[in-house]
2 protein chains.
Amino acid sequence: MATIRDVARAAGVSIATVSRVYADSPAVSEESTRRVLSAGARLDYWPNAAARSLTTSRTGALGVLLPDIHGEFFSEVIRGIDQAACTESFQVIVSGSHAHADALVSMGRSLRGRVDGLIVMAPDEACTPAIAQLARSFPIVLLNCSASCDSCDSISIANFEGAHTLVRHLLSLGHRRIAIILGPAGNVDAEDRRQGYRAALREAGIEPDSALEFAGDFSESSGYVAADALLRHASGVDAVFATNDCMAIGLLSALQDRGTHVPTDVALAGFDDIAVARYLNPPLTTVRVDAFQLGQRAVSLWLAHRQDRSVERGPVREVLPVRLVVRGSCGWRPSAGVGKADSLRERAVPARSRAGVVPFGAAGDQPLSSGMPAP
Amino acid sequence: MATIRDVARAAGVSIATVSRVYADSPAVSEESTRRVLSAGARLDYWPNAAARSLTTSRTGALGVLLPDIHGEFFSEVIRGIDQAACTESFQVIVSGSHAHADALVSMGRSLRGRVDGLIVMAPDEACTPAIAQLARSFPIVLLNCSASCDSCDSISIANFEGAHTLVRHLLSLGHRRIAIILGPAGNVDAEDRRQGYRAALREAGIEPDSALEFAGDFSESSGYVAADALLRHASGVDAVFATNDCMAIGLLSALQDRGTHVPTDVALAGFDDIAVARYLNPPLTTVRVDAFQLGQRAVSLWLAHRQDRSVERGPVREVLPVRLVVRGSCGWRPSAGVGKADSLRERAVPARSRAGVVPFGAAGDQPLSSGMPAP
DNA sequence: TTGTAAGCGTTATCAG
DNA sequence: CTGATAACGCTTACAA
């Protein structure tokens with residue numbers, strides 16, 4: 001592999017000049033530039049990133065630490081990060097499977113000298129000290145983390161508001177006994193959604209009944225399992241709020257297996273609006289989280305942070321808004337609806353059947369995949 | 001940030017000793033090791049990756065170039081890559097959006113000194129020269145690429161076999177006039193699927209009719225649009241093979257909007273078995289591609305390649321097998337089935353309703369998300 | 001077992 | 001505008 005010296009020799013200039021040319025430094029004569037570029041192209045030369053970052057102490061890369069890169073949600077987050085990083089000419093180094101605090105720290109270590117900063121997602125509260133440790137070595141943006149570290153910017157989802165809005169919607173449809181399937185213990189998203197649920201009930205004059213709060217862990221199977229407990233307890237439950245869509249899907253399967261009809265016998269709602277949600281039968285009413293944007297914003301936050309690193313300022317905490325998506329699983333029908341600013345209703349007859357071309361005319365719906373999809 | 005010199009000073013040893021300790025070099029006394037480690041921990045030291053890779057000319061990182069990281073398929077590929085790389089202590093640098101040959105080359109350039117090799121996915125034939133160029137700088141594994149470069153190992157999907165098996169299945173159900181929705185022009189996956197389709201027809205004594213081959217580009221909307229052409233041409237089409245699931249979904253929507261019932265009026269099948277497929281109504285018969293494993297195998301191939309770099313050998317070409325997944329969209333019913341070794345049938349009454357706990361007892365079905373799913 | 005010193009491929013400083 | 005040359009932080013012969 002050709003080095004800067006080879007090019008310098010071939011072009012008949014010094015290595016400094018070659019360096020200047022490849023750094024777009026202004027003070028190089030046209031003649032030199034031409035000769036360097038020509039020699040560089042001939043030798044297939046390009047500056048070595050490691051050497052460059054050793055002297056500049058900038059890497060042009062951004063590390064991303066995730067607990068697990070399973071499922072659509074994470075894939076969208078990564079896509080958002082990559083897209084935003086790419087437009088700023090940053091490379092992205094991803095790493096999944098960092099549920100443990102130890103893994104988090106050792107991963108961060110091995111990234112030293114390799115990235116200019118980190119975007120960390122660690123929904124488990126146990127990771128807080130690990131993150132604090134990492135924050136001493138890198139500028140960090142926390143993505144939807146329970147850990148709130150003093151020096152870190154963070155971005156999170158409007159979990160409370162989303163759950164609150166969703167439950168109010170259920171109430172507006174006349175549901176009274178509303179159960180909830182909880183997320184994993186210690187998960188801050190899950191907890192915030194629970195709080196939103198409780199708050200909405202209280203505002204409606206209903207005291208939250210802990211007997212209506214069922215265990216879950218965000219997995220599809222936990223939703224399936226919850227059905228038994230739910231039906232055992234069935235004394236008049238008229239709606240269920242599963243704190244994420246995966247559990248809603250599991251629950252839906254279980255209910256159908258047991259001959260319980262949704263939404264006639266019981267209404268069902270989820271959270272996240274993953275791609276499958278609108279294909280379920282009935283289509284799932286849920287809360288849309290724009291995971292792509294979440295990733296994008298995390299990068300923006302990080303870039304902003306490093307811009308005014310000098311300026312002394314408190315940590316920025318951004319909250320990504322969410323949106324209620326009303327579909328059929330809660331019994332809502334066009335004629336029966338109650339006006340609601342922040343809700344998005346998909347028409348019973350989707351716009352596509354009229355437009356004839358646009359498959360996802362129903363406002364807010366996105367195709368499963370755009371651009372070049374899976375082969 | 002502490003350097004090796006700081007640690008050496010604090011531990012009262014030379015930098016060489018510190019280096020040896022952090023490289024797990026054997027010839028260091030216990031006493032020195034202890035002091036170095038203690039000083040290192042106190043100073044929060046860890047070797048700088050850039051400096052290290054500059055001297056060793058190894059980076060411990062693997063670059064991944066994808067055309068677009070949209071959709072479940074790619075997310076699973078990345079997950080497979082990350083998982084496999086992680087167990088071998090390799091970092092993964094991903095980069096999406098490289099449809100153009102130019103972007104591919106410039107991306108590869110900027111990765112120089114940053115990665116030890118590349119996994120490249122570029123389904124467009126126009127990228128072949130760009131890949132050849134990259135291959136001069138890096139050991140490369142081609143992922144499902146049209147470009148077959150002499151010096152590159154590659155892994156791809158059994159597109160031909162999958163399509164062939166699927167169409168045979170359709171034939172076995174009595175379908176005769178079988179249409180196909182094609183993928184993007186120049187996409188090798190799409191083309192291979194078409195060939196598999198044609199071959200199966202010919203073997204059944206049916207001459208492929210190009211009037212039954214409809215344009216598409218793997219996007220959901222192209223599937224939707226194809227419905228019109230299809231119905232216009234409807235002279236007895238009894239089955240449609242959409243060359244990927246996204247198009248099948250679009251097509252299904254369109255057919256339902258037009259009052260055409262699947263599978264009664266027309267059978268429908270897809271390719272990929274993305275997560276949504278089994279939630280459609282009717283559940284989609286399709287061909288399962290294990291994207292996770294595809295990613296894993298790509299890494300294995302790459303690791304093997306770099307192991308015996310010295311050994312002279314031709315390029316390894318691996319093909320990932322696929323599997324027919326029979327659901328309801330083609331009119332198959334348990335009683336009517338014809339025995340078939342490589343087909344996987346999901347029971348009309350899923351196993352879960354019997355097991356009572358396992359949500360996806362139906363063999364081969366996977367949950368949407370395991371582990372820690374989307375919040 | 002340990003230390004010294006020569007790189008690794010760049011960039012940055014400072015004269016010319 | 002250009003060219004020496006000293007870092008950057010680490011590994012690795014080679015010596016001791």
Side-chain angles (χ1 to χ4, degrees), chain A residues 1-37 39-40 43-61 89 91 109-116 137-138, chain B residues 1-40 43-61 91 109-116 137-138:
Chain A
M1 196 87 305
T3 75
I4 199 171
R5 254 167 271 274
D6 301 321
V7 179
R9 200 175 309 120
V13 298
S14 73
I15 59 166
T17 300
V18 177
S19 176
R20 288 186 189 109
V21 169
Y22 281 89
D24 287 322
S25 184
V28 183
S29 73
E30 217 165 281
E31 166 68 4
S32 294
T33 304
R34 204 183 45 69
R35 283 165 56 185
V36 166
L37 252 24
L43 297 174
D44 193 26
Y45 168 79
W46 199 259
N48 179 298
R52 180 174 264 182
S53 62
L54 190 56
T55 53
T56 61
S57 66
R58 277 172 290 110
T59 66
S89 301
Q91 231 102 62
R109 269 207 179 117
S110 74
L111 250 26
R112 210 168 271 185
R114 191 163 276 172
V115 298
D116 294 331
S137 317
F138 298 102
Chain B
M1 196 86 304
T3 75
I4 198 171
R5 254 168 270 274
D6 301 321
V7 178
R9 201 176 308 121
V13 297
S14 75
I15 59 166
T17 299
V18 176
S19 175
R20 290 185 187 110
V21 168
Y22 280 89
D24 288 322
S25 184
V28 183
S29 73
E30 216 164 279
E31 167 67 5
S32 295
T33 305
R34 203 182 46 68
R35 284 165 56 185
V36 166
L37 253 25
S38 136
L43 298 174
D44 192 28
Y45 168 79
W46 198 258
N48 179 300
R52 181 175 264 183
S53 63
L54 191 55
T55 54
T56 61
S57 66
R58 277 172 289 112
T59 66
Q91 231 103 62
R109 271 209 176 115
S110 75
L111 251 24
R112 210 168 271 184
R114 191 163 276 173
V115 299
D116 294 331
S137 317
F138 299 102

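All of these numbers come straight from a predicted model, not from anything done at the bench. In what follows, chains carry the letters A, B, and so on, assigned in the order in which the sequence lines appear, proteins first and then strands, with residues in each chain numbered from 1.
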More than 12 non-hydrogen atoms from neighbouring residues, nucleotides or ligands closer than 6.0 Å to CD on E31(B), yes or no?
-> yes
Closer than 4.0 Å, any side-chain N/O of T17(B) to the OP1 or OP2 of dG3(C)?
-> yes
Is there a side-chain polar atom (N or O) of S29(A) under 4.0 Å from OP1 or OP2 of dT2(D)?
-> yes
Let me know the distance between [atom1] of [X] and [atom2] of [N], rounded to the nearest Å.
X       : N       : atom1 : atom2 : answer
R35(B)  : dT1(C)  : CZ    : P     : 16 Å
R9(B)   : dG9(D)  : CZ    : C1'   : 13 Å
R114(A) : dG9(D)  : CZ    : P     : 17 Å
I15(B)  : dA13(D) : CD1   : C1'   : 13 Å
R58(A)  : dC8(D)  : CZ    : P     : 16 Å
R5(A)   : dT11(C) : CZ    : C1'   : 12 Å
I4(B)   : dT12(D) : CD1   : C1'   : 11 Å
D6(A)   : dG9(C)  : CG    : P     : 9 Å

Mind checking the OG-CZ spacing from S14(B) to R5(B)? Nearest 0.5 Å is all I need.
->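 Here the rounded value is 11.0 Å.
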Quick one: OG1 on T3(A) to CD1 on I15(A), what's the gap to the nearest 0.5 Å?
-> 8.5 Å
What does [X] touch in the nucleic acid at a heavy-atom separation under 4.0 angstrom: a base, only the sugar-phosphate, or nothing?
X      : result
S32(A) : sugar-phosphate
S19(B) : base
V28(B) : sugar-phosphate

A27(B) side chain, from C-beta outward: closest of dT1(C), dG3(C), dT12(D) = dT1(C)
Closest to the side chain of T55(A), out of dT12(D), dA12(C), dC8(D), is dC8(D)
Of all of residues 43-51 of chain A, which get a heavy atom below 4.0 angstrom from DNA chain C, listed by number?
->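 Residues of residues 43-51 of chain A under 4.0 Å from DNA chain C: Y45(A), W46(A), P47(A), N48(A), A51(A).
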Any side-chain heavy-atom pair of V21(B) and R35(B) under 4.5 Å |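 They are not in contact (no side-chain heavy atoms under 4.5 Å apart), so the answer is no.
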Hey, is the main chain of T59(B) close enough, under 3.5 Å, to the side chain of D116(B) for a donor-acceptor pair?
-> yes
Residue among V28(A), I4(A), D6(A) satisfying side-chain contact (heavy atoms from CB on, under 4.5 Å) with V18(A) | I4(A)
Most 5' of L54(B) and R20(B) on DNA chain D, judged by nearest nucleotide | L54(B)
Residue set satisfying ring-ring contact (aromatic ring centres under 6.0 Å, His included) with Y45(B), at least two apart, ordered chain then number -> Y22(B)
More 5' along DNA chain C: T56(B) or E31(B), using each one's nearest nucleotide?
-> E31(B)
